[in-house]
Amino acid sequence: MDKLILIDGNNIIYRAFFAMPPLTNTAGQQTNAVYGFTTMLLRLIEEHKPSHLIVAFDAGKITFRHEGYEDYKGGRQKTPPELSEQFPMLKDLLRDMGVPQFEISGYEADDIIGSISREADEAGRQVMIVSGDKDMLQLASEYTTVALVRKGVTEVELYGPQQIREKYDLTPEQIIDLKGLMGDASDNIPGVPGVGEKTALKLLHQFGSVEGVLAGTGELKGKMKEKLEEHADSAVMSKKLATIYREVPLEHAWEDMEFTGIKGDTAGPALAKLEFKSLLERLSLSAYSPSSEGAVEAVEAAVLDITIVGESELEDLISALPGISALHVESNGENPHRAEVIGLGLSSPERHYFVPFALLQSHAAAPLRAWLGDSKAPKSGYDLHRADLALHWQGIPFAGAANDVQLAAYLLDPTEANQNLNDLTAKYGLPRLSPDEEVFGKGAKYKIPELEILGNHVARKSATVLGIVEKQQQELTETAMTGLFEDLEMPLSRILADMEKQGIAVNKEDLKELGKEFEAQISKLVAEIYEICGTEFNLNSPKQLGEILFVKLGLPVVKKTKTGYSTDAEVLEKLAPYHDVVRLILQYRSIAKLQSTYVEGLLKEVSEVTGKVHTFYRQTIAATGRLSSQFPNLQNIPIRLEEGRKIRKVFVPSEPGWSILAADYSQIELRVLAHISGDERMKEAFLHDMDIHTKTAMDVFGVTADQVDSNMRRSAKAVNFGIVYGISDYGLSQNLGISRKEASHFIEQYFEVYEGVRRYMDDIVLDARKQGYVTTLLERRRYLPEINAKNFNLRSFAERTAMNTPIQGTAADIIKLAMVHMDKALYERGLKSRMLLQVHDELVFEVPEDELELMKELLPKVMAGALTLSVPLKAEVSYGSNWYEAK
DNA sequence: AATGTCACG
DNA sequence: ACGTACGTGACATTC
């Protein structure tokens, strides 16, 4: 079926300009807006496969709107030159890609779009309008959907008449009235002073239109009435200005809008000129990649000296091992504990080798395996942690990880989503690698290619590693992160691998028993719920549940999601007083979660080989420096509610007579905050080892310790959490279920007492603005490009991140240090105790009987001594016959 | 593949 | 007026 996409070119390029970091090409031209625009365009094309497509632009400076009102758009800031320059670039690129553009003298883009959509509506054609301008909502109809661009240009919200009704309870036409009343500062449309969205909506719900409101002022009183009567003309004129003109003369438009796909032969060179390598790749046009440095080296790369090693070449390789410093272990699958090893790429500066896995296992390859396991043979690679695990489960020990380029890339920019080797080649101007998907195929089509292709591909990976290493060393030095890399993250990666290989034993029988208990509760709850509702439905479907609760039972709608009714726990709590079934649903939800994720999910992860679960810690995911845990995630095992906490009983020592020993940092984040803010009062609290939430309550409410009741302490605790997260009055009000005003008052009280904390919060945001990044105590860095964004939400988010990251990140630094120290202590003392898990502020060990006393002393001492701050660190230790008992 | 929900620190 | 707490991963349903 025909599908037409209409893009508001001016609007989108503006948004892209402000949302994207200021990219420039090697010629020094800023290209960020063109880039942002194009990525969005490609996504639209991929997702919606339009048969017809245009980008509309404003033409000329004066439009017919100025004829009646010369200040129209008067308040708007002049377009920055960095953006104006990008208009011709974008228009050229669109032409080369084969995307039609419309520009009609005297009209704005939205008039063109409005007129085309009117014609399409009349012809019954499907249209999607893409813009960031809410005005466009007035064009929504049975056939026309408006895609409002959000979050820069990365997300869209789709609006038809129904969504508009749900959100505003207005028809599309009434959007014009809305703007007539509230105005629009960015277009210098005045509206009625003192009327914002809230008031405008109220008026429209009552009177229907601007005309209706003005005719009905008699029913109003006070200031509101005065304002409306005084500014009646303004409202009428504003409505006129906000009305999109839909009668632009268009000839032969439909044929001119036809879109048959991106024209590769002309788009390729155009994208190459702009140096949009990732887009070239995305369009499989990499052949056009710029003939810059990279391409020159690419030619050289074509003649890389690669040897596919067979039995006869093995000896040669073995004698070359001393010169080899980079390797790549090619394995498949996401979970490295279950990965198959496919082969090995090995590189010296001069020569590159590929060793198929079968050969690596042969008797003759013993010296190669010895080299792999030799801690004195330093190796560079990409994700050596994964390599270590994959080899381990094939019975091949791995050691000597000296330099992991994935880990270094993460430190250099931890927010960049997992940077694969090919992303890094682009970054460092190295020869491109074929994407794995091209070499292996993806999904069901995954297939190991013939030896020649495979060997070349994998050997190029190790060659690439070699090329990256040098440049990263330089960057780590420049950013003062060499120490963090060499003395913390690299040693930690080996420790993590050891913990994961060790795994933690799970008592499968007990877990199954627990599953039976849950099963009994679930079937009882399900039966009761169906009974009460008078029908059977899928309780796990929020959609079906919403239907039952809000339509069949007629409960009030508290909150909506973008696809329907929200039924999350917060909503259900509010509904509980209305209907008894809601409690049962809440209970069902919590037990069902335990059953599916923690009983069934965990059972699936227990290894057939070891009877344990072997999680995989990822060291390059969390932007703050924390670890994350997968397959299974052992960092979110239930503890808060007793029902769930029982799950912890099945985590047991792997040897008879041993114990589980756990220690967790007490209030590490607030202690870190006390240190980095230098707030004297907060430091005082920790120097005296006081209960920090009680102390906060005393200070905020101005009472003595014995006057602090549980409610006051609870509030103080929420404030403390808020402080760590980068507080907002709204967030706190939600958390405590109080008004925003009260929350705001709490926060003000808090900052009056904890002046040092206020200073820190102010300073860190200024710092971030100036430098573009924030750091932790150990110099871990996080860039915050949105800290200067014009968009309030983006900027606010960046500001909260600026406040939170040094705190959360320093806490992460500290426990990582403790892990390195603890590993060393165990080794030096020849202890048999083993580190098994890390849960952000907690370390879990299994400990033999005769080491228990020692470990109870040693562990908290090492943790507390990991780093010296101006307040003491404290770790509390506990132990038992399983993880539940160690509380 | 996206969405909603919920487990943890 | 805007629309929010910071950081993750797993599961089931729906598209």
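A, B, ... follow the sequence lines: proteins, then strands. Residue 1 opens every chain.
Residue Thr597(A) has no polar side-chain atom (N or O) positioned under 4.0 Å from OP1 or OP2 of dC11(C).
Closest to the Asp568(A) side chain, of the nucleotides dG9(C), dT5(B), dC2(C), is dT5(B). Nearest nucleotide to the Asn793(A) side chain, out of dC2(C), dT3(B), dT8(C): dC2(C). For Phe631(A), counting side-chain heavy atoms from C-beta on, the closest listed nucleotide (dA10(C), dG9(B), dT5(B)) is dA10(C). Distance from the side chain of Arg800(A) is smallest to dC6(C) among dG9(C), dC6(C), dC2(C). Each of dA12(C), dT5(B), dT4(C) was ranked by its minimum atom distance to the side chain of Glu600(A); first place goes to dA12(C). The Ile621(A) side chain lies nearest to dG9(C) when the options are dG4(B), dC6(C), dG9(C). Listed candidates were dC6(B), dG9(C), dG7(C). Nearest to the side chain of Ser628(A) is dG9(C). When distances run from any side-chain atom of Asn735(A) to the nucleotides dA5(C), dC8(B), dT5(B), the shortest one goes to dA5(C).
With hydrogens and angles left out, the side-chain atoms of Gln521(A) and Gln587(A) include no donor and acceptor closer than 3.5 Å.
Remark: the Arg782(A) side chain and the dG7(C) base include no donor-acceptor N/O pair separated by less than 3.5 Å. Taking 3.5 Å as the limit, the base of dA12(C) and the side chain of Asn540(A) contain no donor-acceptor pair of atoms between them. A donor N or O paired with an acceptor N or O is found under 3.5 Å between the base of dC6(C) and the side-chain atoms of Gln808(A). Arg740(A) contributes a side-chain N or O that forms a donor-acceptor pair with the base of dG3(C) under 3.5 Å.
Nucleotide dC2(C) forms no Watson-Crick or G-U wobble pair with any nucleotide shown, as no partner meets the under 3.5 Å limit on both distances. Under the Watson-Crick or G-U wobble criterion, with both distances below 3.5 Å, dT13(C) is paired with dA2(B).
Residue Tyr725(A) contributes atom OH, which lies 17 Å from atom P of dT4(C) at whole-angstrom precision. Per the geometry, CD1 belonging to Ile637(A) stands 11 Å off P belonging to dA10(C), to the nearest Å. What separates CD of Glu842(A) from P of dG7(C) is a distance of 22 Å, to the nearest Å. Per the geometry, NZ belonging to Lys604(A) stands 12 Å off P belonging to dA10(C), to the nearest Å. When rounded to the nearest whole Å, the span between NZ of Lys543(A) and C1' of dT5(B) equals 17 Å. Leu670(A) has its CG atom 17 Å from the P atom of dC6(C), to the nearest Å. Rounded to a whole Å, the OH atom of Tyr598(A) is 7 Å from the C1' atom of dC8(B). If you take CZ of Arg626(A) and C1' of dG9(B), they are 5 Å apart, rounded to a whole angstrom.
Here Ala743(A) lies out of heavy-atom contact (under 4.0 Å) with every strand. Note on Ser728(A): a base of the nucleic acid sits closer than 4.0 angstrom, heavy atoms only. In this structure, Ala811(A) reaches neither bases nor backbone, as no heavy-atom distance under 4.0 Å exists between it and the strands shown. Among the heavy atoms of the strands lying under 4.0 Å from Ala569(A) are primed sugar atoms or P, OP1, OP2 only; no base atom is included. As judged by a 4.0 angstrom heavy-atom cut-off over every strand, Asn636(A) is placed among the base-contacting residues. Contact annotation for Ile807(A): no contact, since no heavy-atom pair falls under 4.0 Å across all strands. Glu669(A) comes within 4.0 angstrom of no nucleic acid atom, judged by non-hydrogen atoms across all strands.
Taking the six-membered ring for Trp and the full ring otherwise, Phe651(A) and Tyr884(A) have centroids separated by 6.0 Å or more. Side-chain rings of Tyr665(A) and His840(A) stay apart, their centers remaining 6.0 Å or farther from each other.
Counting only distance, with no hydrogens or angles, the side chain of Ser878(A) and the backbone of Ala886(A) share a donor-acceptor pair below 3.5 Å. In this structure, the side chain of His693(A) does not engage the main chain of Ala716(A) through any donor-acceptor pair within 3.5 Å.
Residue-to-nucleotide proximity on DNA chain C shows that, of Phe792(A) and Thr805(A), the 5′-proximal contact is made by Phe792(A).
For the pair Arg781(A) and Tyr773(A), the cation sits on the ring face: its NZ or CZ lies under 6.0 Å from the ring centre, inside 45° of the axis.
Between dC6(B) and dG3(C), the two C1' atoms lie 22 Å apart (nearest whole Å). dG4(B) and dA5(C): their P atoms are spaced 14 Å apart (whole Å). The P atoms of dT3(B) and dT4(C) are separated by 15 Å, rounded to the nearest whole Å.
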Report task. Just do the ring-ring contact (aromatic ring centres under 6.0 Å, His included) check on His385(A) and Tyr617(A) with the steps written out, would you? Result -> CA-CA 9 Å; His385(A) 172 199; Tyr617(A) 287 106; 8.2 Å; no
